[in-house]
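Naming convention: chains lettered A, B, ... in sequence-line order (proteins, then strands); numbering from 1 in each chain.
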Number of protein chains: 2
Amino acid sequence: MAKSIKEIAQELNVSKSTVSLVINHKAEQARISKELENRVLAYVEKVGYKPNALAKSLATGRSNTIGLIVENIGDSFFGPFALYVEELFRKKNYHVLYSSTLGDSQNARDIIDSMLEKKVEGILLAPTVDLEEYQRKILEYGVPLVVFDRNSPAVETHYVHIDNGDSSRKACEHLKSIGCRNFGLVTIDSDQPQMLARKNAYLGFCEENDMEPRLLHLPYQQLKQKGTQLLRKWAAENPALDGLFFTTNYLCILGLKALRSEGEHTFDFPMFSFDDHELFDILNPKISCIQQPLESLAKTCVKVLLKEIDQGISQPKEHIISTKLIAR
Amino acid sequence: MAKSIKEIAQELNVSKSTVSLVINHKAEQARISKELENRVLAYVEKVGYKPNALAKSLATGRSNTIGLIVENIGDSFFGPFALYVEELFRKKNYHVLYSSTLGDSQNARDIIDSMLEKKVEGILLAPTVDLEEYQRKILEYGVPLVVFDRNSPAVETHYVHIDNGDSSRKACEHLKSIGCRNFGLVTIDSDQPQMLARKNAYLGFCEENDMEPRLLHLPYQQLKQKGTQLLRKWAAENPALDGLFFTTNYLCILGLKALRSEGEHTFDFPMFSFDDHELFDILNPKISCIQQPLESLAKTCVKVLLKEIDQGISQPKEHIISTKLIAR
DNA sequence: TATCTTTACTAATACGTTTTAGTAGAAATA
DNA sequence: TATTTCTACTAAAACGTATTAGTAAAGATA
């Protein structure tokens with residue numbers, strides 16, 4: 001169905017080169033006569049010629065594609081983030097190949113391999129744990145890499161993120177300021193660096209304020225199955241709790257569902273979320289949170305990656321985006 | 001950095017064909033000796049050979065990529081849907097190239113063009129309005145197409161969807177059953193067929209039940225800027241309202257924010273949403289809804305598209321997925 | 001009129017694969 | 001020993017594009 005340059009050339013009795021040059025607006029510099037140029041243009045238009053991007057990329061070495069690797073394209077942090085990224089790249093004529101790791105490192109490795117094979121021109125990555133080797137591999141292949149949201153300090157790459165420790169401390173201080181004297185922290189059991197940073201800031205806060213730390217680590221791989229139950233049990237066993245700090249919004253949502261549902265025993269102390277959610281401001285009571293500025297996060301990621309692509313891989317740098325505490 | 005088959009062949013003093021055959025596990029059928037096969041395999045492993053997927057696709061005519069075109073990858077319907085789709089295709093060794101149209105037909109056309117150029121093997125599309133011509137174009141290019149969520153009856157393609165009219169009627173009956181006698185419908189002003197079907201079912205219900213229709217069409221392109229205000233004004237002008245039916249969840253969220261916020265005038269009649277949302281069951285009062293079974297929707301889409309890819313384009317068919325009314 | 005320029009193109013090569021037809025040498029057959 | 005059949009490979013063409021070096025014909029120069 002789709003005609004190739006070769007066929008078009010034959011049908012017009014000209015060479016492939018001529019057709020290619022005309023199509024790529026190089027007719028003038030190749031001294032193709034206006035008359036022939038127009039003839040080719042008209043024919044190309046008439047048959048609805050569509051270049052084969054694969055062949056084009058093979059010949060030019062440019063795929064005009066970048067890879068975006070997130071944890072879960074369906075969640076309320078990465079989804080909207082991905083939309084910003086997609087739009088920003090579209091403006092620069094790049095397409096985005098996404099994939100979700102679901103936190104599984106083997107998935108992540110497979111995804112990276114296939115993206116390298118597809119010759120993406122750059123990768124934007126929210127890494128899983130144990131991905132250091134592959135991050136190096138990407139760079140060794142000469143593909144620009146920008147890591148965001150979380151990072152392992154061991155690998156030297158451009159890294160765009162918020163200040164987790166600082167933000168977490170602000171959250172603790174907020175809870176204190178509204179009267180919580182015994183609030184606990186709910187996090188996951190996996191070693192994601194951003195989660196560790198948030199936890200450690202809480203622990204530091206406890207130490208300085210003579211508050212006994214109350215920690216719950218929920219099983220990341222089995223949140224849906226066990227989360228609710230574990231959380232309810234833990235809350236019941238800790239009657240002194242007068243507030244909860246969740247290290248991410250999906251945990252907070254889980255918490256809301258587990259602790260505020262039905263009539264039974266409800267826990268109506270303040271809950272605070274790291275990461276906002278579109279419905280947090282109409283819940284009752286409302287949920288305060290640390291808000292990651294998705295748009296500027298995306299803008300920075302895209303800007304840094306485009307620069308690496310255009311000007312070659314440069315000295316790795318940290319890019320810190322500041323957060324906002326939304327008190328509701 | 002990355003070695004090609006050609007280089008590997010030279011370094012081993014064998015032909016490119018040999019290397020290619022070995023890599024593709026065709027050594028035996030090509031009578032390559034075990035000894036040579038192992039030598040090649042070992043070397044390939046040692047240098048970390050990674051095939052160039054572009055070249056491969058060009059040669060084989062298979063890109064192992066499918067295109068997914070949604071309205072907004074960041075929203076709570078398409079995001080989770082995309083995750084299912086991605087996972088299902090990954091199992092079959094396909095990768096997914098997503099893009100968001102944001103409801104803009106020109107965006108949609110550009111996206112389709114570039115996907116065709118990238119030689120996707122199939123397209124899964126939630127169309128915008130005015131996309132009939134391009135849907136035909138896809139098929140003329142010989143690329144299998146499955147349309148979901150909404151469709152224009154004019155184009156004959158495989159179409160996976162829920163029964164919007166029927167579901168909408170169920171919603172109306174539910175509202176009636178809980179005592180609403182004067183509920184209104186909030187929808188958007190664009191002509192998306194699924195929205196029209198939902199609206200028409202409401203109008204039919206009104207007629208049969210001698211209920212005066214109360215309709216609000218919010219401007220799709222300027223929801224964020226004007227939606228809240230328009231909705232508040234309309235609600236205030238219609239004091240008889242005793243319930244609201246929103247034709248999609250983002251409208252319902254907008255409604256919740258506009259009508260239940262702050263102390264001022266609050267409207268505490270029932271609100272009903274077409275499409276569920278992860279927080280609807282902890283709001284107070286809870287939000288009942290029509291739930292589209294995302295997973296089976298995704299499964300059907302993927303199954304139908306894979307069949308088209310494997311067995312060739314077939315007679316278009318409608319595939320209807322049933323919804324669930326979640327009364328809360 | 002012999003040489004140099006310019007004009008308007010085209011031939012050839014390359015990108016990195018896959019695939020099919022072909023081939024030299026060894027072994028088997030007659 | 002001449003022919004056939006295997007064995008173990010390789011050469012060549014193809015996919016659809018971009019690019020560079022080359023060329024024939026016409027015009028300008030001396």
B:Leu21 atom CG is separated from D:dA12 atom C1', nearest whole Å, by 14 Å

*asked:* What contact category does B:Ser20 fall into here, base, sugar-phosphate, or nothing, at under 4.0 angstrom with non-hydrogen atoms?
replied: base

Q | Sugar-phosphate, base or nothing in reach of A:Ser33, heavy atoms under 4.0 Å | A | sugar-phosphate

So does B:Arg31 get a side-chain nitrogen or oxygen closer than 4.0 Å to the phosphate oxygens (OP1/OP2) of D:dT7?
-> yes

Any side-chain donor near an acceptor of the partner, A:Thr128 and A:Ser105, under 3.5 Å: yes

(message) Salt bridge or not between A:Arg39 and A:Glu35? Use side-chain N to carboxylate O under 4.0 Å.
(response) yes

note: A:Asn13, atom CG; C:dT10, atom P; distance rounded to Å ~ 9 Å

* Any side-chain donor near an acceptor of the partner, B:Tyr43 and B:Lys46, under 3.5 Å -> no

Can you tell me if the side-chain N/O atoms of A:Tyr49 get under 4.0 Å from OP1 or OP2 in D:dG16?
no

- Between A:Lys118 and B:His95, do the side chains contain an N or O donor and an N or O acceptor separated by less than 3.5 Å? yes

Between NE2 of B:His25 and P of C:dT19 the distance, given in whole Å, is 14 Å

Rounded to whole Å, the NZ-P distance (A:Lys119 to C:dG16) equals 8 Å

Note: for A:Lys6 and A:Asn24 on DNA chain D, the residue whose nearest nucleotide lies more 5' is A:Lys6

Determine: side-chain N/O of A:Ser4 to OP1/OP2 of D:dC15, distance under 4.0 Å, yes or no.
no

A:Ile5 atom CD1 is separated from C:dT13 atom C1', nearest whole Å, by 16 Å

note: A:Arg39, atom CZ; C:dA8, atom C1'; distance rounded to Å ~ 13 Å

The correct set of residues in residues 50-64 of chain A placing a heavy atom under 4.0 Å from DNA chain C is A:Leu58, A:Ala59

With A:Tyr94 as partner, the option from A:Ile309, A:Val302, A:Leu305 fulfilling side-chain contact (heavy atoms from CB on, under 4.5 Å) is A:Ile309

When all nucleic acid strands are considered with a 4.0 Å heavy-atom cut-off, which category describes B:Lys16: base, sugar-phosphate, or nothing? base

From the candidates C:dT19, D:dC9, C:dA11, the one with an atom nearest any side-chain atom of B:Lys26 is C:dT19

When rounded to whole Å, the CD to P distance for the pair A:Gln10 and D:dG16 reads 12 Å

When rounded to whole Å, the CD1 to C1' distance for the pair A:Ile32 and D:dA18 reads 14 Å

Discussion item. Is it the case that the base of C:dA8 and the side chain of A:Thr18 share a donor-acceptor contact (distance under 3.5 Å, atom types as modelled)?
Written reply: no

The single option from B:Phe81, B:Tyr159, B:Phe77 that satisfies ring pair (Phe, Tyr, Trp, His ring centres under 6.0 Å) with B:Phe148 is B:Phe81

Exercise. Is there side-chain contact between B:Pro127 and B:Arg150, with at least one heavy-atom pair below 4.5 Å?
Worked result: yes

